[in-house]
Structure formats: structure tokens, C-alpha cells
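All remarks here apply to the structure that follows.
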Amino acid sequence: MPFLRRPKFDVVVVAVKYKEPGLIDWVRAFERRGATWSDRRMIRRGELLDRIRAGERVVTGERIRYEASTFKTGEAVLIEDNNGNPVLVTAAVNGSGDALQNVPIL
């Protein structure tokens, strides 16, 4: 029996809904549940911030169709400080708001 390694991430963000430019309202994501993954979930911005602060690893990506629990992953979602305000970003972004690059917008 092969040894099953724990994935290097806990949440995969597959789409984002912005309240206004630069401010995420919620994301569509899948969460790791042991050896498998949840159905799609909507996660509000505040919960996503709390989960990253708690040490969960969040990445962008997409589910590979017809291959259950398999994802093509992108960049890590990070919390950056913008004059005392936390912003969610996928890379060093020259801006003052949330920016998840290469993630489909709803």
C-alpha cells in the first residue's frame, strides 16, 4: 500500500466575488477533509483571514474535471499589511486592496 502524504495546502480558492474593487466579499473554494476534499464552499473574507492566520495553507487553483480530488494549483494566498489594514493577495501587488490574480471573478 502506498504511503499517502498530506497535501501541501488546506484550501483551494477557485473563484472570487468582490464587494467593490479591492475588497473581497467571498470566495468559492474546496477544503481538505482528511484524504479527500469537500464540495464547493463559499467562504467569507473574514473567515478566510482567520483561517490563514490560524496557519491553514490557502492556494488558488482549479479542480481537474473528471479526476476526483485533483487540483491544478497556483499561487499561495497571503495576508499583506496595508497601513494597518490586512489585504489578501497572491503576490506582491502594487495596490491598496485585495487582489487574487489569475482567479476567475464572479
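All residue numbers refer to positions in the sequence shown, counting from 1.
- Ionic pairing of R51 and E31 is present here: one or more N-O contacts between side-chain nitrogen and carboxylate oxygen are shorter than 4.0 angstrom.
- Salt bridge annotation for D98-R45: present, with a cationic side-chain nitrogen under 4.0 angstrom from a carboxylate oxygen.
- Cluster membership check: I43 does not share its hydrophobic cluster with F9, using side-chain heavy-atom separations under 4.5 Å among Ile, Leu, Val, Met, Phe, Trp and Tyr.
- Electrostatic pairing of R65 and E67 does not count as a salt bridge here, judged by no charged N lying under 4.0 Å from a carboxylate O.
- In terms of modelled atom types and a separation under 3.5 Å, the side chain of T90 and the main chain of L100 share no donor-acceptor contact.
- The backbone N or O of I64 sits nowhere less than 3.5 Å from a side-chain atom of T70 that would complete a donor-acceptor pair.
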Exercise. Could you walk me through whether E56 and V11 pass the side-chain contact (heavy atoms from CB on, under 4.5 Å) test, one step at a time?
Key: CA-CA 8 Å; E56 288 192 25; V11 176; 3.7 Å; yes
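- If you chain together hydrophobic residues whose side chains sit under 4.5 Å apart, L48 and I79 fall into the same group.
- For R53, the CZ atom counts as densely surrounded, since its 6.0 Å shell holds more than 12 non-hydrogen atoms of other residues, nucleotides or ligands.
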Practice problem: Go through V58 and D10 one step at a time and tell me if the side-chain contact (heavy atoms from CB on, under 4.5 Å) criterion holds. | Solution: CA-CA 6 Å; V58 179; D10 300 299; over 6 Å; no
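- Cluster annotation: W37 is connected to V59 through the hydrophobic network of ILVMFWY side chains, with a link wherever side-chain heavy atoms come within less than 4.5 Å.
- Between the side chain of D25 and the backbone N or O of K17, no donor-acceptor pair lies under 3.5 Å.
- Residues in residues 44-68 take part in no ring-ring contact (aromatic ring centres under 6.0 Å, His included) pair, two or more places apart or across chains.
- Considering all non-hydrogen atoms of both residues, S69 and T36 come closest at OG-OG1, 3.2 Å.
- No donor-acceptor distance shorter than 3.5 angstrom exists from the side chain of T73 to the backbone of G61, with no hydrogens or angles considered.
- The side chain to side chain donor-acceptor pair (under 3.5 Å) check on R63 picks up nothing, with sequence neighbours excluded.
- For the pair F30/R40, a side-chain contact is recorded, criterion being any heavy-atom separation below 4.5 Å from C-beta on.
- A continuous path of ILVMFWY side-chain contacts below 4.5 Å connects I105 to V77, so both sit in one hydrophobic cluster.
- Counting non-hydrogen atoms of neighbouring residues, nucleotides and ligands closer than 6.0 angstrom, the CG atom of D39 reaches no more than 12 such neighbours.
- With values rounded to the nearest 0.5 angstrom, W26 atom CH2 is found 8.5 Å from R44 atom CZ.
- When hydrophobic clusters are built by joining Ile, Leu, Val, Met, Phe, Trp and Tyr residues whose side-chain heavy atoms come closer than 4.5 Å, directly or via intermediates, L49 is grouped together with I52.
- L106 is not listed as a side-chain neighbour of Y18, based on a closest heavy-atom distance of 4.5 Å or more.
- E47 has a carboxylate O that lies under 4.0 Å from a charged side-chain N of R41, or vice versa, which qualifies the two as a salt bridge.
- Pairs of residues two or more places apart, or lying in two chains, never qualify as ring-ring contact (aromatic ring centres under 6.0 Å, His included) while including a residue from residues 38-58.
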